[in-house]
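Side chains are part of it too, since the values below use all heavy atoms of this structure and drop only hydrogens, waters and symmetry mates. Keep in mind that what you see is a predicted model, and the values were worked out from it rather than measured.
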Amino acid sequence: MMKQFITTQEMKTKRALGIALILTAIVGLFSTVMLTMNNQDLRQGATGEAVQLRLSAVENNTQNQPSATITITPNRTMSVLVEILPTNAQPTATDFVLTYDPLSLEYVSTDLFTANFGVLLKKEVDTTNGRIRLAIGKQPDSTATGTQHLVSFTFRTKNAVGNSAVGIDAQSAKIAATGLTNNVYQSPTTPINLTIAEEASETLKTTIQLAFKFAGLPVEHNPNFLPEAARAQTVKITLQNMATGEITVPAAVISRFVVGQTDGLSQYFSLSNPLASTTLATGKYNILLKGPKHQQIRFCKNEQIADYRCQITDGIDITKDVEHTFNFVNKPLACGDLPISGTNKDQQDGVVRVTDYSFMVGCLSKRTDAACVARADCNADGTVTNLDMDLLLETLSTAYDQ
């Protein structure tokens with residue numbers, strides 16, 4: 001009798017999984033069919049059905065707001081944000097080509113906002129002609145409406161002083177929407193006006209470069225197991241003046257994976273652009289570092305060892321208007337504070353606790369689910385497995401210093 005009960009339960013589970021896979025396939029098929037239809041008239045001025053794409057850009061490692069106009073100096077990184085602005089239509093997928101001047105910009109990475117539009121259907125990067133084609137579908141379980149983030153592209157500026165533009169190819173862009181058979185993209189999308197300007201006369205500033213690691217990444221310490229998309233990780237950096245107690249506003253900084261040039265065994269992350277300040281005072285500081293799925297770690301010593309716990313008298317000497325480099329690789333950032341809070345369930349709440357554990361447990365049964373991978377794949381191998389759970393459990397056993 002018990003054996004029959006277990007078999008029935010297993011059949012129900014398999015049936016439920018089968019239905020879920022079929023629904024996902026239907027959504028993907030619908031999106032693909034809609035986006036590969038013959039070109040139709042663009043929906044300029046279509047009442048209630050037009051859907052627009054909006055572009056904005058911001059220099060990374062600054063507190064500036066994204067804008068349609070950006071002035072930036074050479075050898076800096078910038079992010080181009082693409083948003084979708086629906087009216088009455090309910091967009092389900094979009095296929096567009098982002099255009100840029102390859103003489104002015106070097107393509108770095110593509111980052112999807114997986115909470116809503118996170119089903120990658122096609123990605124083609126042509127760095128020679130400056131064209132990136134991206135087709136993405138909406139998550140089957142997403143109920144988001146209104147303006148939504150689609151994707152963020154990261155570029156590095158070249159030594160090509162002058163003006164150029166980043167835009168959407170209006171003739172090839174397509175947007176599919178629920179219940180509509182036509183292309184609802186409203187053309188054209190306002191391009192970003194980019195100016196690469198010469199460096200101004202040198203202004204004295206304090207710069208801070210960091211070397212650090214993420215626990216469990218890359219898998220087996222093998223760089224070949226680290227996907228290109230995971231080689232750029234955003235971290236938040238906060239400085240606390242130990243004499244005054246003053247804490248700086250957290251700065252979101254893009255870091256890049258580095259492999260040592262000598263033996264290839266030295267692997268770590270460093271900031272794409274050093275953290276810079278013209279107002280930071282000379283003094284002793286604690287540096288608080290937090291990863292996108294990670295517990296915040298307090299560093300109070302250069303080359304701090306893994307099991308050292310900071311004392312109130314500890315501090316790292318930082319001198320105004322001097323370049324600093326600190327080595328934090330001995331204490332990797334620990335997996336734990338998963339981005340599962342907030343309205344869209346994609347924000348960190350600042351602590352490592354049972355809710356993070358419960359979310360990861362739920363993801364173990366759907367290892368490659370896009371939402372799970374985006375939030376709980378701590379070792380960046382593309383799946384949520386017991387390796388990620390081991391990293392989280394290790395953090396839970398020692399979590400402090402949030």
Side-chain angles (χ1 to χ4, degrees), residues 61 63 205-217 233-255 257-258 266-277 279-339 341 347-357 378-379 390-402:
N61 306 347
Q63 296 183 353
K205 54 189 175 183
T206 310
T207 64
I208 298 173
Q209 178 59 278
L210 304 177
F212 56 92
K213 292 184 177 182
F214 295 92
L217 192 156
Q233 297 279 344
T234 299
V235 293
K236 293 181 180 178
I237 304 174
T238 307
L239 277 66
Q240 182 178 15
N241 188 313
M242 301 311 293
T244 65
E246 182 180 1
I247 298 178
T248 63
V249 175
V253 182
I254 293 178
S255 63
F257 183 65
V258 177
S266 177
Q267 305 168 21
Y268 57 93
F269 280 78
S270 66
L271 308 182
S272 293
N273 295 323
L275 193 66
S277 172
T279 60
L280 197 68
T282 297
K284 286 186 177 295
Y285 288 83
N286 278 191
I287 299 177
L288 286 71
L289 195 58
K290 187 173 186 63
K293 306 180 185 75
H294 304 79
Q295 173 193 27
Q296 178 172 274
I297 301 296
R298 178 182 294 270
F299 293 95
C300 55
K301 292 178 178 291
N302 189 25
E303 300 184 353
Q304 184 170 317
I305 61 175
D307 59 353
Y308 185 79
R309 187 162 185 171
C310 294
Q311 307 299 312
I312 194 170
T313 56
D314 291 334
I316 298 172
D317 290 319
I318 296 179
T319 304
K320 181 178 175 60
D321 300 334
V322 172
E323 296 180 359
H324 300 274
T325 300
F326 300 119
N327 182 355
F328 297 152
V329 298
N330 294 325
K331 189 177 178 67
L333 303 187
C335 165
D337 184 12
L338 306 183
S341 301
Q347 302 296 314
Q348 295 171 290
D349 63 4
V351 293
V352 184
R353 52 185 174 179
V354 69
T355 52
D356 301 295
Y357 171 81
C378 285
N379 65 4
D390 289 343
L391 293 171
L392 176 58
L393 290 175
E394 182 177 353
T395 304
L396 284 170
S397 68
T398 58
Y400 69 93
D401 228 11
Q402 295 297 316

Task: Atom CD1 of I312: over 12 foreign heavy atoms under 6.0 Å - done: no

Task: All ring-ring contact (aromatic ring centres under 6.0 Å, His included) counterparts of F212, not counting sequence neighbours - done: F214

Task: Contact summary for N286 and G315, nearest pair of heavy atoms - done: ND2-CA, 3.8 Å

Task: N/O donor-acceptor pair under 3.5 Å between T234 side chain and A252 backbone - done: no

TODO: Using atom types as modelled and distance alone, determine if a side-chain donor or acceptor of N330 lies under 3.5 Å from a backbone N or O of A306.
DONE: no

- [ ] Mark yes or no for whether Q296, through its side chain, and H294, through its backbone, hold a donor-acceptor pair below 3.5 Å.
- [x] no

TODO: Please check if the side chain of D337 supplies one atom and the backbone of G350 the other of a donor-acceptor pair under 3.5 Å.
DONE: yes

Task: Side-chain heavy-atom pair F269, L217 within 4.5 angstrom cut-off - done: yes

Task: Candidate pair Y308 and D314, rule side chain to side chain donor-acceptor pair (under 3.5 Å), full reasoning - done: CA-CA 11 Å; Y308 185 79; D314 291 334; 2.7 Å; yes

Task: Check: L280 main-chain N/O paired with S277 side-chain donor or acceptor under 3.5 Å - done: yes

Task: Worked check of side chain to side chain contact (heavy atoms under 4.5 Å, CB included) between C335 and V352 - done: CA-CA 9 Å; C335 165; V352 184; over 6 Å; no

TODO: Taking the side chain as every heavy atom from C-beta outward, state whether P292 and Q233 have any atom pair closer than 4.5 Å.
DONE: yes

Open item on the list: What I'd like to find out is whether the side chain of V258 reaches to under 4.5 Å of the side chain of S266, using heavy atoms alone.
Closed with: no

TODO: Report the residues that fulfil salt bridge (Lys or Arg N to Asp or Glu O under 4.0 Å) with K236, sequence neighbours left out, ordered by chain and then residue number.
DONE: none

Open item on the list: Measuring from atom OG1 of T248 to atom CG of N241, what distance do you get when rounded to the nearest 0.5 angstrom?
Closed with: 10.0 Å

Task: Atom of A334, atom of A215 and distance for their closest heavy-atom approach - done: CA-CB, 4.3 Å

Task: Test side chain to side chain contact (heavy atoms under 4.5 Å, CB included) applied to I237 and L210, step by step - done: CA-CA 10 Å; I237 304 174; L210 304 177; 3.9 Å; yes

- [ ] Could you grab the distance from atom CG of N302 to atom CG of D317, nearest 0.5 Å is fine?
- [x] 10.5 Å

Open item on the list: Could you check whether any side-chain N or O of Q348 sits under 3.5 Å from a backbone N or O of G291, counting only pairs where one atom can act as donor and the other as acceptor?
Closed with: yes

Open item on the list: Which residues pass the salt bridge (Lys or Arg N to Asp or Glu O under 4.0 Å) test with D349, not counting sequence neighbours?
Closed with: R353

Task: Euclidean distance, K213 NZ relative to F328 CZ, rounded to 0.5 Å - done: 14.5 Å

TODO: For I254 and N61, work out which heavy atoms get closest and say how close.
DONE: N-OD1, 3.3 Å

TODO: Only counting residues at least two apart or in another chain, list the ones meeting ring-ring contact (aromatic ring centres under 6.0 Å, His included) with Y268.
DONE: none

- [ ] With rounding to the nearest 0.5 Å, note down the distance linking CD1 in I316 to CD in Q304.
- [x] 7.0 Å

TODO: State the NZ-OG1 distance between K320 and T282, to the nearest 0.5 angstrom.
DONE: 7.5 Å

Open item on the list: I need the minimum non-hydrogen distance between L289 and F299, along with the two atoms involved.
Closed with: CB-CE1, 3.9 Å

TODO: Check side chain to side chain contact (heavy atoms under 4.5 Å, CB included) between Q209 and all other residues, then give those that pass, not counting sequence neighbours.
DONE: S270, L271, P274, T325

Open item on the list: So, taking the atom named CD1 in I318 and the one named CD1 in I208, what distance separates them when rounded to the nearest 0.5 Å?
Closed with: 4.0 Å

TODO: Show the numbers, then the answer: is there a side chain to side chain contact (heavy atoms under 4.5 Å, CB included) between Q240 and M242?
DONE: CA-CA 6 Å; Q240 182 178 15; M242 301 311 293; 4.2 Å; yes

- [ ] Test V253 against N273 for side chain to side chain contact (heavy atoms under 4.5 Å, CB included), laying out the working first.
- [x] CA-CA 8 Å; V253 182; N273 295 323; over 6 Å; no

- [ ] Could you tell me which residues satisfy ring-ring contact (aromatic ring centres under 6.0 Å, His included) with F326, sequence neighbours excluded, listed by chain and number?
- [x] H324

